[in-house]
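Basis for what follows: all heavy atoms, side chains included, without hydrogens, waters or symmetry-related copies. The chains referred to below are lettered A, B, ... by the order of the sequence lines, with proteins before strands, and numbering in each begins at 1. Please read all numbers here as calculations on a predicted model, not as lab measurements.
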There are 2 protein chains.
Amino acid sequence: MAATTAGARGEADSRTYSVGELAAELGVTTRTLRFYEEAGIVTPARTGSGSARAYGARDRARLVLALRGKRFGMSLAEIREIVDMYDAEPGEAGQIRRLLESLAPVRADLQARRDELERTLAEVDDVARRCRARLDELGP
Amino acid sequence: MAATTAGARGEADSRTYSVGELAAELGVTTRTLRFYEEAGIVTPARTGSGSARAYGARDRARLVLALRGKRFGMSLAEIREIVDMYDAEPGEAGQIRRLLESLAPVRADLQARRDELERTLAEVDDVARRCRARLDELGP
DNA sequence: GTTGACGTTGACGTTAAGGGCAAGGTAGCG
DNA sequence: CGCTACCTTGCCCTTAACGTCAACGTCAAC
């Protein structure tokens, strides 16, 4: 199946990356990329003969999202879910509605985290402010 | 050493919690609290005879901070550092200055994370928007 | 004075997220 | 042809952050 490795339509795929290349670019090891593949986050194509992984633009995008997700404490499983819905094929109305619904809690969670971060940031700033005040009090 | 379990000054300590109590309140297990103690995040006092842990307001506050930190992907070690500086004794000028300096990168990191979150949130919203548009296109 | 709820330490098990290494394939290059 | 660089698939090791279990103390209640 599949025609030219290109997606549904629009061959603006540009290029394709090898593990090493992509790993270097993303600042992770090749082991990590392989691990993410096992976790179902990416499914790179293979080169005809060598069975070497060939990551496309879509894989790259998913990895970027995954690494971002990891940064604020998501598990690979959570990440997988989110990334999956990110680039799900449009499909028919029912499917889209389901996607929208599953998006809601994700959004809520992200927002909650952001708010917490905001609060934390404010607290840190407050500590800093108090420090400076104390220094003013002491210093000449 | 130490006088009454109370901090530097101001006995507004109110009450003290047992492991179970505090764990329930914070929504974690007692094991977790003990683990955080090993990790140096809290150092609850002990009751005279039984050697049972008695968590004070300060411990509670540190745990709240720690759990918040965990939510956005910090390791217990990182958490410990931050929490430590949060309620470090004022100390002399040099110490305060050092605290201020170590606070800067933390703040930068938090801000970076928040910005990333913001961007992710925007992307999620964008996906949702496109979903709705597509539904409008399809629906009657 | 024993029962039960709750606490204690200690030790071992588990899960997630990789690290690292061995043994081998393959593609270009001189 | 052989060298080198990069890739492949196992497979086991490690670290963090707990879970779980055992064996035992303690304190109030009955």
side-chain N/O B:S51 vs D:dG25 OP1/OP2, d < 4.0 Å: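 For D:dG25, OP1/OP2 do not have a side-chain N/O of B:S51 under 4.0 Å.
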Short side-chain N/O contact from B:R80 to OP1 or OP2 of D:dA16, under 4.0 Å: no
[X] has an atom [atom1]; how far is it from atom [atom2] of [N], in whole Å?
{"X": "A:I41", "N": "C:dG18", "atom1": "CD1", "atom2": "C1'", "answer": "12 Å"}
{"X": "A:L67", "N": "C:dA17", "atom1": "CG", "atom2": "P", "answer": "13 Å"}
{"X": "A:E38", "N": "D:dC11", "atom1": "CD", "atom2": "C1'", "answer": "11 Å"}
{"X": "B:E78", "N": "D:dT15", "atom1": "CD", "atom2": "P", "answer": "17 Å"}
{"X": "B:E37", "N": "D:dA16", "atom1": "CD", "atom2": "C1'", "answer": "18 Å"}
{"X": "B:E21", "N": "C:dG7", "atom1": "CD", "atom2": "P", "answer": "8 Å"}
{"X": "B:R46", "N": "C:dC6", "atom1": "CZ", "atom2": "P", "answer": "19 Å"}
{"X": "B:R71", "N": "D:dA17", "atom1": "CZ", "atom2": "P", "answer": "17 Å"}

Not counting sequence neighbours, which residues clear side chain to side chain contact (heavy atoms under 4.5 Å, CB included) with [X]? List them please.
{"X": "A:T43", "value": "none"}
{"X": "A:I96", "value": "B:C131, B:R134, B:L135, B:L138"}
{"X": "A:A61", "value": "none"}
{"X": "A:R34", "value": "A:R31, A:R53"}

List for me each residue that meets side chain to side chain donor-acceptor pair (under 3.5 Å) alongside [X], sequence neighbours excluded, and say none if there are none.
{"X": "A:R132", "result": "none"}
{"X": "B:E38", "result": "none"}
{"X": "A:Q111", "result": "A:R107"}

Cluster link B:L26 to B:I82, ILVMFWY, side chain under 4.5 Å: yes
Validation row: B:E21, B:R15 side chains within 4.5 angstrom (heavy atoms):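 Side chain of B:E21 against side chain of B:R15, heavy atoms only: contact under 4.5 Å found.
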Closest nucleotide among C:dT8, C:dG18, D:dT8 to the A:K70 side chain: C:dG18
Selected nucleotide, minimal atom distance to A:V19 side chain, candidates C:dA17, C:dT8, D:dT8: D:dT8
Net bend of the helix from C:dG1-D:dC30 to C:dG30-D:dC1, end axes of five pairs each, nearest 10 degrees: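 Here the helix ends are tilted 10° relative to one another.
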Contact residues, residues 28-36 of chain B to DNA chain D [heavy atom, < 4.0 Å]: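 Heavy-atom cutoff 4.0 Å gives B:T29, B:R31, B:T32, B:F35, B:Y36.
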